[in-house]
**Student:** 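Handing you a structure now.
Both backbone and side-chain heavy atoms feed into the values below; hydrogens, waters and symmetry mates do not.
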Amino acid sequence: FFLRDGGYYFALSDYVDLALTGEIYTKGSWGLSARSAYKKRYKYSGNFNVSTLTTILGDKGLPDYSKSKDFKITWSHSQDAKSNPYRSFSASVNFATSSYDRNQLTNIYNQSSTTNTKGSSVSLSQRFPNSPLSLSATMNINQRSRDSSISVTLPDISVSLSRIYPFKRKNGVGKEKWFEKISMSYSGYLRNSINT
């Protein structure tokens, strides 16, 4: 037997809310969750959910008794294109301990309990006004709950400099010199990845 999704809702401001909920089971399992949605018009919007779960299975003193602690974080964030023409930031995070879906008692007969992979990504791109330089960075985490493996790509950065003419005169007078036609561009890529 259980009581689930009881809690309290807070309207913190015109831009953000918060819901705190909990669940409790007769054999001692329990969980807490905090959910929030936020939005600022023409700026950004998103939501996040943080959950912790303590699962007790079997009876104490018997060989099948087990107690486990799990957590899960989901976060979605998007930036309105009107807020900054030179910078964009977005996030889609779905991270949990490998046994979270398996131990959440309300998910035992649910499709999500058999989900084998989870993916998270956070990305930032920046262009500099009146400059040919641009930068983009990404972080990716992929999990496989079947074997508890995690693949992390952090950082994943690319830098580019569009074509410039470093010797060209700002106020050209007369015929263009040969060295003014010399141009350069640059692109660089850095990636670090870990599988564990």
Side-chain angles (χ1 to χ4, degrees), residues 5 7-22 31-53 70-98 100-101 104 107 110-113 115-145 148-165 183-196:
D5 294 336
Y8 199 78
Y9 175 81
F10 304 88
L12 299 176
S13 72
D14 291 341
Y15 308 107
V16 62
D17 66 358
L18 177 65
L20 298 174
T21 58
L32 293 173
S33 294
R35 291 189 307 274
S36 180
Y38 56 90
K39 181 169 185 170
K40 193 161 187 183
R41 189 178 294 180
Y42 308 124
K43 293 283 186 183
Y44 52 79
S45 63
N47 56 69
F48 77 89
N49 187 351
V50 179
S51 301
T52 181
L53 188 64
D70 297 288
F71 72 92
K72 181 177 184 178
I73 298 171
T74 58
W75 177 37
S76 176
H77 178 90
S78 60
Q79 178 183 316
D80 194 308
K82 300 180 192 72
S83 68
N84 190 329
Y86 299 106
R87 182 186 305 125
S88 67
F89 177 78
S90 64
S92 175
V93 175
N94 183 9
F95 185 84
T97 52
S98 58
Y100 181 90
D101 290 328
Q104 192 175 27
N107 272 355
N110 202 337
Q111 185 74 25
S112 63
S113 63
T115 303
N116 186 39
T117 58
K118 287 186 176 64
S120 302
S121 68
V122 176
S123 62
L124 171 71
S125 65
Q126 174 75 49
R127 289 187 303 121
F128 299 93
N130 305 317
S131 170
L133 187 66
S134 64
L135 171 75
S136 65
T138 309
M139 175 213 67
N140 291 300
I141 300 177
N142 291 306
Q143 296 175 271
R144 286 189 2 179
S145 55
S148 302
S149 65
I150 295 178
S151 173
V152 179
T153 304
L154 174 70
D156 193 342
I157 299 172
S158 64
V159 180
S160 67
L161 179 71
S162 58
R163 187 173 301 278
I164 60 170
Y165 295 84
S183 66
M184 64 175 282
S185 62
Y186 174 80
S187 63
Y189 184 64
L190 170 70
R191 180 175 185 177
N192 178 55
S193 61
I194 301 167
N195 294 307
T196 182

**Student:** Run the side-chain donor-acceptor check on residues 39-49: report pairs under 3.5 Å with partners two or more places apart or on a different chain.
**Tutor:**
| residue | atom | partner | partner atom | Å |
| --- | --- | --- | --- | --- |
| Ser45 | OG | Ser78 | OG | 3.4 |
| Asn49 | OD1 | Ser51 | OG | 3.4 |

**Student:** Are there more than 12 heavy atoms of other residues, nucleotides or ligands under 6.0 Å from atom OH of Tyr15?
**Tutor:**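 Check fails, neighbour count at 12 or below.
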
**Student:** Let me check something: any side-chain donor-acceptor pairs from residues 135-143 under 3.5 Å, sequence neighbours excluded? List them with distances.
**Tutor:**
| residue | atom | partner | partner atom | Å |
| --- | --- | --- | --- | --- |
| Ser136 | OG | Ser158 | OG | 2.7 |
| Gln143 | OE1 | Ala96 | N | 3.3 |
| Gln143 | NE2 | Ala96 | O | 2.4 |

**Student:** Are any non-hydrogen side-chain atoms of Phe89 and Val122 less than 4.5 angstrom apart?
**Tutor:**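 Yes, at least one pair of side-chain atoms sits under 4.5 Å.
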
**Student:** So Leu32 and Leu20, do their side chains get closer than 4.5 Å, heavy atoms only?
**Tutor:**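 When only atoms from C-beta onward are counted, Leu32 and Leu20 do not touch, as no gap falls below 4.5 Å.
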
**Student:** Rounded to the nearest 0.5 Å, what's the gap from OG on Ser36 to CG on Leu12? Could you check?
**Tutor:**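 Between atom OG of Ser36 and atom CG of Leu12 there are 6.5 Å.
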
**Student:** Would you call Lys72 and Asp101 a side-chain contact if the rule is heavy atoms closer than 4.5 Å?
**Tutor:**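 Lys72 vs Asp101: side chains touch.
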
**Student:** Minimum heavy-atom separation for Ala34 and Leu18, please, with both atom names.
**Tutor:**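 In this case the closest contact between Ala34 and Leu18 is CB-CD1, 4.3 Å.
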
**Student:** For Asn195 and Ser151, test the side chains for any donor-to-acceptor distance below 3.5 angstrom and give the result as yes or no.
**Tutor:**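 Yes - a donor-acceptor pair under 3.5 Å links their side chains.
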
**Student:** Applying side-chain hydrogen bond (donor to acceptor under 3.5 Å, both in side chains), name anything that partners Ser98, two or more places apart in sequence or on another chain.
**Tutor:**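 Per chain and number, Ser98 pairs via side-chain hydrogen bond (donor to acceptor under 3.5 Å, both in side chains) with Ser148.
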
**Student:** Mind checking what makes side-chain hydrogen bond (donor to acceptor under 3.5 Å, both in side chains) contact with Thr153, not counting sequence neighbours?
**Tutor:**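 If we apply the side-chain hydrogen bond (donor to acceptor under 3.5 Å, both in side chains) test to Thr153, skipping adjacent residues, there are no hits.
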
**Student:** Could you state the interatomic distance from CZ (Phe128) to OH (Tyr86), rounded to the nearest 0.5 Å?
**Tutor:**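 Phe128 atom CZ to Tyr86 atom OH measures 12.0 Å (nearest 0.5 Å).
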
**Student:** Run the salt bridge (Lys or Arg N to Asp or Glu O under 4.0 Å) test against Asp80 and tell me which residues pass, sequence neighbours left out.
**Tutor:**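 Salt bridge (Lys or Arg N to Asp or Glu O under 4.0 Å) check on Asp80 returns Lys82.
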
**Student:** Show me the side-chain donor-acceptor pairs of residues 184-193 shorter than 3.5 Å, one per line, residues at least two apart or across chains.
**Tutor:**
| residue | atom | partner | partner atom | Å |
| --- | --- | --- | --- | --- |
| Tyr189 | OH | Asp156 | OD1 | 2.8 |
| Tyr189 | OH | Asp156 | OD2 | 3.4 |
| Asn192 | ND2 | Leu154 | O | 2.9 |

